[in-house]
Structure formats: C-alpha cells, structure tokens
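Heads up: the structure comes next, in structure tokens.
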Amino acid sequence: MTPIYDPQGLEAQAQAAWQRSGAFVADESRPGEKFYCLSMFPYPSGRLHMGHVRCYTLGDVINRYRRLKGYNVLHPMGWDAFGLPAENAAIKHNIPPAKWTQDNIDYMRTQMQRLGFGMDWSRELATCDPEYYRWEQWLFLRLYKKGLVYRKNAIVNWDPEDQTVLANEQVVDGRGWRSGALVERREMAQWFLKITDYAGELLDELEHMDGWPESVKSMQRNWIGRSEGAEIDFLLAHDPDQKLTVFTTRPDTLMGATYVAVAAEHPLALAAAQEDAQLEAFIERCRQNTTAEADMATLEKAGMSTGLSVRHPITNALLPVWVANFVLMEYGSGAVMSVPGHDQRDWEFAQNYGIPVIQVIEPVDDSVCDLNVAAFTHRGRLINSGAFNGLGFDDAFAEIIAALAESGLGRHVTNFRLRDWGVSRQRYWGCPIPMIHCAECGVVPVPEEDLPVELPTEVSFQGVGSPLVSMPSFLDVDCPQCGAAARRETDTFDTFMESSWYFARFASPDSNAMVDERASYWTPVDHYVGGIEHAILHLLYARFYFKLMRDEGLVKDNEPFNRLMMLGMVLQDGKKMSKSAGDAGDPQKLLDRYGADTVRTAMMFAAPPEQSFEWSEAGLEGAMRFLRRLWAGVHEHRQAMEEVPELVKEDLSSSAKALRRKAYETLAKADDDFGRRMQFNTVVSAVMELINAIGRMDVENDADRAAVHEAWTLAVLVISPIAPHISHHLWEALGQQDALIDHPWPEVDHSALVQDRLTLVVQVNGKVRGQIEVAQDAEQGAVIELAKADANVARHLEGKHIRKEIVVPKKLVNIVVG
RNA sequence: GCCCGGGUGGUGAAAUUGGUAGACACAAGGGACUUAAAAUCCCUCAGAGAUAAUACUCCGUGCCGGUUCGAGUCCGGCCCCGGGCACCA
C-alpha cells in the first residue's frame with residue numbers, strides 16, 4: 001500500500017529534521033567556497049503576501065541548489081522594521097508602533113518557517129533594534145567628521161491642516177490623504193549624505209557588473225545621469241556684482257539664448273516677488289504642487305517674468321529673467337538658459353509667452369529645421385553666432401567655453417542628475433539622527449560613547465505628528481560641548497539607511513562593532529533576489545553605503561551584490577500587491593489546504609522570475625497533482641521489488657536507454673536553469689516530462705528496473721530545491737542513506753546522452769515540408785540527398801530550380817528554390 | 001513627461017546563440033473505472049480549409065514596415081499594459 005501524501009505531517013517532520021541537524025545555520029569554518037544567498041528582507045506589514053512567497057521561494061531554491069553543489073551557503077533573514085505603516089497603525093488602532101511591528105514579525109516568521117525556507121534564523125535581525133541602528137548612528141557620525149554629511153534646506157510636502165510633512169504616497173491629487181487640505185511645498189532644514197561625491201564611481205563600476213541585468217544598470221546609469229556641459233554666469237543687469245549661474249549641455253547654442261528661467265524657489269525669484277504681487281501669487285501657485293518629479297514633468301508649462309534682466313556673457317545683450325514652473329530647484333543651480341530655437345521645452349515656453357526664437361544651428365545632414373513647427377534639437381553647424389559661425393558641435397562646445405573662461409564667466413563642468421541623499425524624515429518610527437541642537441554651539445554631534453540614541457518606544461500619538469517633538473524625556477539633553485540645556489534632533493533617518501547595510505550585519509550579527517572580519521568573508525552577496533521596484537533607489541543607496549563602509553575599512557570589496565535577480569511583480573487586479581490590499585495575497589489558507597511544497601511548486605511553475613504576473617490559485621491543483629504523482633510513483637516503484645538491481649549499461653533495452661537519456665537531459669537542464677539561466681518554471685516542466693516518461697516505461701526486467709530507479713532518484717533530487725519536504729521523504733523511500741540536503745549534486749553521465757540517430761526538419765523556402773532521420777555523424781551531402789528523397793519535400797521541389805541548400809547541423813535542412 | 005520592462009491558444013506559459021511556434025500545465029469537452037461522487041487513468045484541444053486519413057494546404061506570436069534562405073527572437077515606427085521617478089518599501 002502506498003502511504004497517502006499528507007503534506008502537513010510530512011512537512012513538519014522534514015522541517016524538524018533540518019532543525020535538529022542545524023542544516024541551515026551558517027558557519028564560516030565549513031568547507032566549500034562561500035556563497036551568500038540573499039533575498040531582500042521584508043517590511044513587517046502583517047502577513048506575507050504572494051509577492052513575498054515568490055521572492056523567498058526563489059531565494060530558497062538558489063540556496064538549496066548551491067548547497068547541493070557543495071558551497072558553504074549563508075541564507076539569512078530579517079526585518080526592515082522601521083517605516084510609515086507602523087505609525088499609521090498606531091494612529092488608527094492606538095497600538096504603539098514597536099508592539100505592532102513585533103507582532104507582525106512574529107507572525108510572518110511563523111509563516112516563513114511553515115514554507116520551509118532554509119534560512120539561518122540565528123542571524124535574524126530587526127532594524128528597529130537599538131543594537132542594529134546604533135551602528136548606523138555611529139557611521140553617520142564618522143561620515144559627519146569626514147564632511148560627507150551636511151545640512152541644507154530642502155522641499156517637502158506640507159499639510160497645512162495636520163501641520164505635518166507628507167510622503168509622496170500620502171498626497172492624493174494634490175491633497176493630504178487624511179486632512180484633504182491642499183498640500184504646499186515648504187522648505188525645511190534637512191540632513192544630507194554626499195552621494196554625489198561617489199557619483200562617478202557608482203556610474204563607472206556599472207561597466208564591470210556582469211552579474212546585473214542590463215536593464216537595471218541602464219536605469220541606474222540614467223538615474224545618475226552624467227552629462228558634460230558648461231556652467232555659465234549671467235551677470236544681473238541692475239547689479240553686476242551678482243550673477244545667475246546656469247548649467248547647460250549645449251553651450252554651442254549660447255548665442256541663441258533669448259531668456260533665462262529660474263525655479264519658483266530660486267532666491268532671485270523670491271526677491272523679485274517681494275515687490276511684485278502678481279509674481280508672488282504665481283510663485284504661490286507653483287508651491288501648490290507636490291515634490292514628485294512625475295507631477296512636475298506633466299505640468300502645463302507656465303511662467304512669469306520677474307522684470308529683472310541679465311547680461312548675455314558674450315554679446316552683453318539684455319535677457320529677461322522668467323520664473324518657470326518646470327525648472328527644478330534641486331537640479332543644477334535651479335536656473336537654466338533658454339534657447340527656444342534648439343530646445344523643445346524652451347520653444348514651447350517661448351511660443352506661449354511670445355519670446356523671440358533665434359536659429360543658431362543649421363542641419364548638416366538631411367534633417368529638417370523649421371522653427372515655426374518645432375525646435376531643432378540635433379547637433380549641427382553654427383550660424384548667427386558671430387565669431388563662432390561655421391563651427392561644428394565639438395569645436396563650438398570647446399571654443400565657446402574657452403571664450404567664457406577668458407572672461408571668467410563660464411567653465412566646463414561634468415554634471416550629474418543624481419542629487420545628494422536627503423536622509424531626514426520628520427517621523428517618529430525611525431532611527432534617531434544622533435545630533436543635538438545647542439543655542440550656543442549650534443549643531444553638535446552626539447558623542448560616540450553616548451550611542452545609541454534610543455528611540456523611546458512608550459509613546460502615545462496625540463495627532464499625526466511625531467510624538468518625539470513633544471517628549472521632554474527625549475528632547476532635553478545637555479550640550480556635550482558647553483553643558484548648557486540643549487535639544488535633541490527629532491528627525492529620524494530615511495528607512496533606506498537601514499536597508500543599505502543589513503546584508504553586511506547578517507554576516508556578523510552579534511559583533512560589538514558595526515561589522516567584523518566575518519563580513520569580509522561573506523560579502524559581497526553572491527546572489528541577491530528582489531523585486532524590480534527596487535532597481536534604482538534601494539540598490540543605488542546600498543551600493544553607495546557599501547563604498548562608505550569600504551572607505552571606513554569595514555569591508556574590502558567595491559560592490560555589495562555580485563549577481564542580481566530582479567523579480568517581476570506579483571500583481572493583484574493589475575497592480576503591485578500592497579499592504580493595504582488585504583488578505584487576498586495571504587498564503588495562509590493555501591498552506592493549510594495544500595502544504596508548502598505545493599504552494600512553492602505552483603509559484604515557481606507560474607512564470608519565469610523576471611516576469612510580472614497576475615496571481616491566480618488556478619495552478620495549485622495542478623501542482624498538487626504533480627507532487628502526488630511523484631509520491632505515488634516512487635512508492636509504487638519501491639514496493640515492486642525487494643532490492644534495487646544494479647544498473648548494467650550493456651543490458652539496457654532501447655526504451656531503458658531512452659529513459660536514461662531523458663533523466664540525464666533533465667539533470668543537465670536543471671543544472672543550467674538553476675545555475676546559469678535562473679529560470680525555474682522550466683525545471684518543473686522538465687521534471688514533469690521525466691516522470692511522464694517514467695510512467696510510460698514498461699518495466700520488464702531488472703535492467704529496466706535499475707534505469708527507472710535512477711530516473712526517480714534524479715527526479716527527486718532535481719525537484720528538491722523547489723519542493724524540499726516531499727523530496728526529503730522520497731529520498732529515504734528510495735533507500736538513500738544520507739539526507740537529501742547533504743547529498744552532492746550528481747555529475748551528468750555523458751554516455752547516457754549519446755544518440756546515434758537524429759531527426760532533422762526539412763524546409764523548402766523556409767517552410768517545413770518533412771522530417772528525416774539521419775545518423776548522428778551523417779555527412780552533409782548524404783543529409784541533403786535524404787532530404788530531397790522525402791516524398792512531400794520532393795513534391796515541393798518538382799520543376800523548381802534549386803538555388804541554395806542550407807544545412808544547420810543537428811537541426812534542419814532548408815532548400816531554397818526559385 | 002522621462003527612464004526600464006512586457007504583449008505568444010480559452011488561461012499560465014515554452015521555444016537558451018536567428019532554425020519544427022504553442023513543450024509542460026490549467027480550464028473545458030469526451031471516455032474508462034464507480035451504485036454514485038471524489039480521486040485516478042485515457043483521448044481531443046490556436047484558427048481556417050480539405051480529406052478515407054493523424055496525408056496535406058493556408059494562416060497565425062499586440063499593430064505597420066524592414067533585414068534574412070529562415071524572425072516570437074534582430075532593426076525602424078506605433079498602440080496598449082506594468083515598474084520607477086528621489087518621503088511607500
């Protein structure tokens with residue numbers, strides 16, 4: 001009798017066995033090349049959703065596969081525990097964020113363990129733990145001393161009714177989500193990290209990062225946005241001691257500049273507005289936009305003259321200064337020179353406001369230039385540019401900059417789109433920024449020995465603002481410099497700070513330094529799995545942070561992640577699963593009904609990793625059926641004999657040989673898919689094909705039995721990273737002595753793959769007209785003759801002139817006729 | 001708006017370097033087993049035409065065009081969907 005497949009019981013047993021042997025507790029002293037396998041740690045939002053299940057199953061498949069391949073694997077897990085939802089829950093349900101977060105962690109850990117992920121839980125960390133974030137504060141202070149930290153004003157979304165700063169996602173159609181009040185842009189002093197100091201390295205390293213998808217490198221390249229251009233100074237007409245500096249990538253078009261535009265927050269605009277009520281009103285309107293770049297970019301272009309003028313740095317002509325809603329204060333110097341003839345945005349603006357358009361570039365190829373229709377933005381030859389007429393782009397670029405340099409009004413610069421990283425958040429549930437404000441001494445860093453600055457967890461939310469602001473026990477502190485009464489910084493860090501180095505802490509989780517030499521052993525991460533939504537921000541900040549740590553001597557490599565696997569989204573109603581989407585994505589009821597192996601297999605089978613797909617439970621029945629067939633097949637096979645006969649290759653029937661070939665083809669394909677291609681749905685298909693082939697096999701003698709045994713053994717081994725629990729039991733059922741997870745991944749028996757006859761496709765003019773069977777080593781001429789002899793092929797060749805014969809070895813023959 | 005992806009049967013998908021489009025599944029329909037149901041097993045399954053036939057023919061990978069003996073795959077243009085756009089994580 002075949003025992004029934006009872007996933008709940010079997011899975012608990014298998015997990016207990018792994019637990020007992022400490023199978024997934026990583027140890028630096030174990031033999032084998034180290035392999036750091038990491039999936040992006042989750043925000044503890046409450047319960048897992050199918051997006052998590054996908055990400056962590058993929059990570060676990062890699063983990064288990066590498067283990068079978070003999071690597072010393074680290075596969076840790078932790079919690080990105082600071083963040084906005086905990087505060088929202090606190091306000092809504094009156095639960096302290098710390099408790100809410102801890103409850104969620106406990107529940108989600110249980111779910112992960114139920115899924116059978118082979119993780120090293122001894123290294124678990126939560127970023128809200130002072131023993132974690134103290135090192136973040138420590139590094140921040142080191143960076144402050146190095147001059148990599150500074151404070152400046154930056155624009156935030158301000159909800160005037162709730163008197164609080166809003167995240168972009170809390171702004172809905174320009175209004176605060178809670179209050180419904182129109183959101184204003186407001187300037188506030190904020191802490192910044194000088195990521196721009198590393199812009200060049202962050203960009204250049206991308207060239208060597210072969211383990212990253214091209215798409216992600218391309219996104220990061222564009223985000224960093226290196227551009228060569230010029231900084232040009234325009235002196236103010238009414239006060240030549242003051243200058244307005246702009247950045248342009250097209251200094252060759254300088255002679256066509258007809259106005260200068262500044263951002264609404266630009267000091268010049270603000271100064272002009274003091275004497276101009278209309279301008280003030282316009283700037284006020286510009287303020288009623290969110291800080292989101294997408295909103296800025298889709299705005300109807302609008303502007304207003306400041307009434308001020310500047311001098312053209314070469315012609316000395318007067319150019320008007322406009323305020324424009326599309327100029328970003330954060331980018332460059334918050335001012336642009338406008339050349340409507342050769343920049344489409346400037347052209348549209350000039351059309352709207354009747355500003356003159358001057359052509360200074362003419363085409364040098366057959367491209368069309370009609371400035372009545374659109375700007376001409378191609379590079380070309382200069383006209384209407386005085387001494388520079390006739391120059392091409394490169395010469396004009398160099399000579400105009402040289403001319404400006406001579407008068408001290410311009411210089412060549414390399415500019416980056418990347419802006420410094422604003423790390424201040426006016427929120428409670430985050431890592432306190434270790435700074436003190438003293439009336440006498442100004443900003444004073446917290447002394448290292450006073451770290452960590454602990455976030456008080458006993459808090460009550462009165463309104464929506466940060467409780468820290470009204471907590472004397474937190475706020476009041478003596479100035480470390482002068483001893484006078486001072487006030488703590490109440491801003492907390494951006495949560496990207498925590499997620500920028502957690503992978504290094506996993507390597508030395510109990511260290512009494514930020515990290516220790518174990519971090520140098522495990523990092524860089526060899527395989528990093530995570531959602532494509534993190535392609536820019538998280539991955540760029542983490543790369544930056546790793547370089548900061550390197551420059552502090554904490555780690556030795558330049559880059560933190562060797563190989564990156566970017567997952568598509570698991571969608572729900574066509575959108576990414578979110579914390580607010582409720583239980584629809586919760587795997588719990590599926591785990592209860594089908595067990596972990598079925599959920600894992602169905603998820604892996606559903607789509608290749610990089611593809612987004614709409615989650616559906618339709619595949620679960622099929623996955624369960626597949627595992628049951630595997631279960632029953634192995635047990636029936638094992639019960640049909642006392643002893644497993646030895647495999648004697650010479651005794652194999654042709655069908656047994658075919659089965660062996662299929663089995664080893666499956667092994668080779670799985671190795672390639674797990675290791676190189678990182679595509680796992682095809683591994684599931686391949687094993688399905690293999691067990692279908694075993695099922696079709698008529699077992700007549702011991703040689704057949706031995707081949708079938710080998711095939712079952714390989715099927716169980718190959719599927720084990722995906723469905724580890726059932727595989728654990730079937731491995732025992734097959735009579736194996738060792739535990740499956742400790743078994744080495746087998747070598748392919750190449751002799752089993754040899755085929756003496758091959759089937760080739762025959763095409764006539766690219767259309768399939770027949771198939772022929774040829775010897776493995778058949779000569780080209782013979783293959784063509786055989787192809788022509790096929791009845792249907794011959795019919796299509798009849799009366800036609802053969803112009804070309806193409807033979808693709810082992811694949812096809814194409815005969816081209818006229 | 002800008003950057004990055006994706007679009008293949010009723011559905012999820014496969015086709016790895018330009019070489020048989022739809023493997024493997026799901027759903028559906030038909031059949032076997034059963035008193036019955038579930039489970040299991042077998043068959044059919046892109047569309048159209050034609051046939052005694054599973055021979056055969058045409059058509060087909062979002063749309064339009066191109067390169068090639070040959071295009072789902074490469075190139076140009078477009079449409080739609082998804083992700084990111086610096087305070088969701």
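Note on naming: letters A, B, ... go to the chains in the order of the sequence lines (proteins, then strands), and numbering restarts at 1 for each one. Note that this is a predicted model, so its numbers are computed, not measured.
- Side-chain contact, A/T290 with A/D295: a donor N or O sits under 3.5 Å from an acceptor N or O.
- Between B/G5 and A/Q611, no contact under 4.0 Å exists linking OP1 or OP2 to a side-chain N or O.
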Checking salt bridge (Lys or Arg N to Asp or Glu O under 4.0 Å) for the pair A/E805/A/K788: CA distance, chi angles, key distance, verdict?
-> CA-CA 11 Å; A/E805 290 161 340; A/K788 288 177 183 164; 2.6 Å; yes
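- The nearest whole Å value for the distance from the CD1 atom in A/I532 to the P atom in B/G83 is 12 Å.
- The phosphate of B/A86 has neither OP1 nor OP2 within less than 4.0 Å of any side-chain N or O from A/R419.
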Pick out the pairs of N or O atoms, protein on one side and nucleotides 66-70 of chain B on the other, that lie under 3.5 Å.
| residue | atom | partner | partner atom | Å |
| --- | --- | --- | --- | --- |
| B/C69 | O2 | A/N814 | ND2 | 2.4 |

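- In this structure, A/K301 reaches neither bases nor backbone, as no heavy-atom distance under 4.0 Å exists between it and the strands shown.
- No side-chain heavy atom of A/T666 sits under 4.5 Å from any side-chain heavy atom of A/L714.
- If you check every strand for non-hydrogen atoms under 4.0 Å, A/V156 touches a base.
- Crowding of A/K152 atom NZ: a count of heavy atoms from other residues, nucleotides or ligands under 6.0 Å exceeding 12.
- Dashed line: the shortest gap from a side-chain N or O of A/T495 to OP1 or OP2 of B/A89 is under 4.0 Å.
- Listed nucleotides: B/G19, B/G1, B/A89. Nearest to the side chain of A/T298: B/G1.
- Rounded to whole Å, the separation between the C1' atoms of B/C69 and B/A13 comes to 30 Å.
- Partner A/F82 forms a ring pair (Phe, Tyr, Trp, His ring centres under 6.0 Å) with one of A/Y502, A/Y132, A/Y43, A/Y133 and no other, that one being A/Y133.
- Each of B/A89, B/G83, B/G12 was ranked by its minimum atom distance to the side chain of A/M219; first place goes to B/G83.
- With hydrogens and angles left out, the side-chain atoms of A/D420 and A/Y150 include a donor and acceptor closer than 3.5 Å.
- Residue-level contact check: A/F626 touches neither bases nor backbone, having no heavy atom under 4.0 Å from any strand.
- In terms of polar N and O atoms assigned as donor or acceptor, the side chain of A/K669 comes within less than 3.5 Å of the base of B/U16 in a complementary pairing.
- A/K767 places its NZ atom 14 Å from the C1' atom of B/U20, with the value rounded to the nearest Å.
- Rounded to a whole angstrom, the distance from the C1' atom of B/A21 to that of B/G7 is 16 Å.
- A/P608 comes within 4.0 angstrom of sugar-phosphate atoms only, judged by non-hydrogen atoms across all strands, and of no base.
- In the set B/U20, B/G84, B/A89, B/A89 carries the atom at the smallest distance from any side-chain atom of A/L84.
- Looking at A/Q679 and A/D673, their side chains never bring a donor and an acceptor atom within 3.5 Å of each other.
- Between A/R795 and A/E798 no salt bridge is recorded (no basic side-chain N to carboxylate O distance below 4.0 Å).
- For the OP1/OP2 pair of B/U17 and a distance below 4.0 Å, the side-chain nitrogens and oxygens of A/K811 include no atom meeting the criterion.
- Using a 4.0 Å heavy-atom criterion, one finds that A/R803 contacts no nucleic acid atom at all.
- Looking at A/W421 and A/D494, their side chains do bring a donor and an acceptor atom within 3.5 Å of each other.
- Out of B/G84, B/U57, B/C87, the shortest distance to the side chain of A/D494 is found at B/C87.
- Between the base of B/C88 and the side chain of A/E533 there is no donor-acceptor pair shorter than 3.5 Å.
- As judged by a 4.0 angstrom heavy-atom cut-off over every strand, A/N792 is placed among residues touching the sugar-phosphate backbone only.
- Backbone-only engagement by A/S218 is indicated by non-hydrogen atom pairs under 4.0 Å involving sugar-phosphate atoms exclusively.
- In this structure, B/G62 shows a glycosidic angle more than 90 degrees from zero, which is the anti conformation.
- When the P atom is compared between B/A36 and B/A32, the two are found 11 Å apart, to the nearest whole Å.
- Taking the side chain of A/A167 as heavy atoms from C-beta on, and the options B/G84, B/A13, B/C87, the nearest nucleotide is B/C87.
- Nearest-nucleotide mapping onto RNA chain B: of A/V768 and A/S215, the residue sitting toward the 5' end is A/S215.
- Using P as the reference atom, B/G22 and B/U57 are 15 Å apart when rounded to the nearest Å.
- If you check B/G84, B/C87, B/C3 against the side chain of A/I536, the one that comes closest is B/G84.
- Side-chain atoms of A/A294 lie closest to B/G1 of the nucleotides B/C88, B/G1, B/G83.
- Within 4.0 Å of A/R417, counting heavy atoms only, lies at least one base atom of the nucleic acid.
- Taking atom P in both B/A46 and B/G9, the straight-line distance is 13 Å, to the nearest Å.
- Listed by first residue number, the stems of RNA chain B with at least three Watson-Crick or G-U pairs below 3.5 Å are B:1-7 with B:79-85, B:10-12 with B:24-26, B:28-32 with B:40-44, B:47-49 with B:56-58, B:62-66 with B:74-78.
- A/Q220 and A/R543 share a donor-acceptor pair across their side chains, judged by distance under 3.5 Å alone.
- With P as the reference atom, B/C2 and B/G77 are 14 Å apart, rounded to whole Å.
- Side chain A/R676 to base B/U16: a donor-acceptor pair is found below 3.5 Å.
- Between the P atoms of B/U8 and B/A14, the separation comes to 11 Å (whole Å).
- In this structure, the CG atom of A/L203 is 15 Å from the C1' atom of B/C3, given to the nearest Å.
- Without hydrogens or angle criteria, A/R769 side chain to A/N792 main chain gives no donor-acceptor distance under 3.5 Å.
- Within the 4.0 angstrom heavy-atom criterion, no nucleotide atom of any strand lies near A/E805.
- As judged by a 4.0 angstrom heavy-atom cut-off over every strand, A/H796 is placed among residues touching the sugar-phosphate backbone only.
- For the residue pair A/R226 / A/N415, no side-chain donor-acceptor distance below 3.5 Å is found, with atom types taken as modelled.
- Across all strands, A/W421 comes closer than 4.0 Å to no nucleic acid atom at all (heavy-atom distances).
- Between B/C75 and B/G84, the two C1' atoms lie 27 Å apart (nearest whole Å).
- Counting non-hydrogen atoms under 4.0 angstrom, A/S424 reaches a base of the nucleic acid.
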Which protein N or O atoms sit under 3.5 Å from an N or O of nucleotides 23-29 of chain B?
| residue | atom | partner | partner atom | Å |
| --- | --- | --- | --- | --- |
| B/A23 | O2' | A/E689 | OE2 | 3.3 |
| B/A23 | N1 | A/S685 | OG | 3.3 |
| B/A25 | OP1 | A/N692 | OD1 | 3.4 |
| B/A25 | OP1 | A/N692 | ND2 | 2.5 |
| B/C26 | OP1 | A/R625 | NH1 | 2.6 |

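- As judged by a 4.0 angstrom heavy-atom cut-off over every strand, A/A606 is placed among residues touching the sugar-phosphate backbone only.
- In the set B/A13, B/A14, B/C87, B/A14 carries the atom at the smallest distance from any side-chain atom of A/Q679.
- Across all strands shown, A/L760 has no heavy atoms under 4.0 Å from either base or sugar-phosphate atoms.
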